[in-house]
Amino acid sequence: MSVVVGSAAPGPYSFDPSTTALVLIDMQRDFLLPGGFGETLGNDVSLLADVVPPLQRLLAAARAAGMTVIHTREGHRPDLSDCPPAKLSRGRPSMRIGDVGAYGRILVRGEYGHDFIDELTPAPGEFVVDKPGKGAFYGTGFGDILTDAGITHLLVTGVTTEVCVHTTTREANDRGYECLVVSDCCGSYFPEFHRVALEMVAAQGGIFGWVAESSDVIDALSLTPQPTEARSQT
Ligand code: C5J
């Protein structure tokens, strides 16, 4: 059964929760925790922390509706063999991918900082996609997961809006997925980039997809029949 987010920009977004995945992009300690990689680069990580409560509520609603949930993590193998030299050489020399930071080696799989923040850990049965790039499709099994699950629509959330959320949305749009970016469930260290990135998604009649707030998506999901559980027959 399809539901509609009537307030979405540039116009109503219709989706069937059974063929829609909630995608949480890179809600990792390296990006979000005070004292971590993101903050050491001079960023105000509280801008990303604001994303957590609405995203927890949206995740709870998606789970209650029985939706497919996919969590991604940006990071690399410990030997960095999947990190292109061009990516490795970026950033400050003292704070690059693979260097030891406050939460272990930065953006290296298996390290504490690379893992999800405690508030948004995957539940059993949810997918975890480790990605070496900014987009979720490149070098991963993300596309196969979507195909196998019969997914046609994506609710895209996470950090950062203009980097990994945008790249994933663009990749998905090119592959024919109908994407809605959930505005208050995405965050950036740069408020202006966040605002403009969201505008870009919905511009020109929805060149990359739709944008809406989580409360409106949750309201739409609340109209979904809940997965069958024992119903009292009094
Ligand atoms: C993400 C980044 N996840 N900003 N990475 O957006 O480098």
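All ligand and atom numbering here is 1-based and tracks the order in the structure.
The two atoms that bring L107 and E74 nearest to each other are CD2-O, 3.4 Å, heavy atoms only. Between S2 and S14, the shortest heavy-atom contact is CB-OG, 3.9 Å.
Within the cation-pi definition used here (under 6.0 Å to the ring centroid, within 45° of the axis), R29 does not qualify as a partner of F116.
Listed by first then second residue, pairs satisfying side-chain hydrogen bond (donor to acceptor under 3.5 Å, both in side chains) with a partner in residues 135-149 number zero, not counting sequence neighbours.
Grouped with I145 in one hydrophobic cluster are V23, I25, I70, F127, V129, F137, F142, L146, I151, L154, V156, V165, Y177, V181, L198, V201, I207, F208, V211, the linkage being side-chain heavy-atom contacts under 4.5 Å among Ile, Leu, Val, Met, Phe, Trp and Tyr residues. Through direct or relayed side-chain contacts under 4.5 Å between Ile, Leu, Val, Met, Phe, Trp and Tyr, L47 connects to no other residue.
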Protein N/O near ligand 1 N/O, under 3.5 Å, which pairs?
residue, atom, partner, partner atom, Å
ligand 1, 3 (N), D26, OD2, 2.7
ligand 1, 3 (N), V159, O, 3.1
ligand 1, 4 (N), T160, OG1, 3.3
ligand 1, 5 (N), E74, OE1, 2.9
ligand 1, 6 (O), T160, N, 2.9
ligand 1, 6 (O), T160, OG1, 3.1
ligand 1, 6 (O), C164, N, 3.2
ligand 1, 7 (O), K134, NZ, 3.1

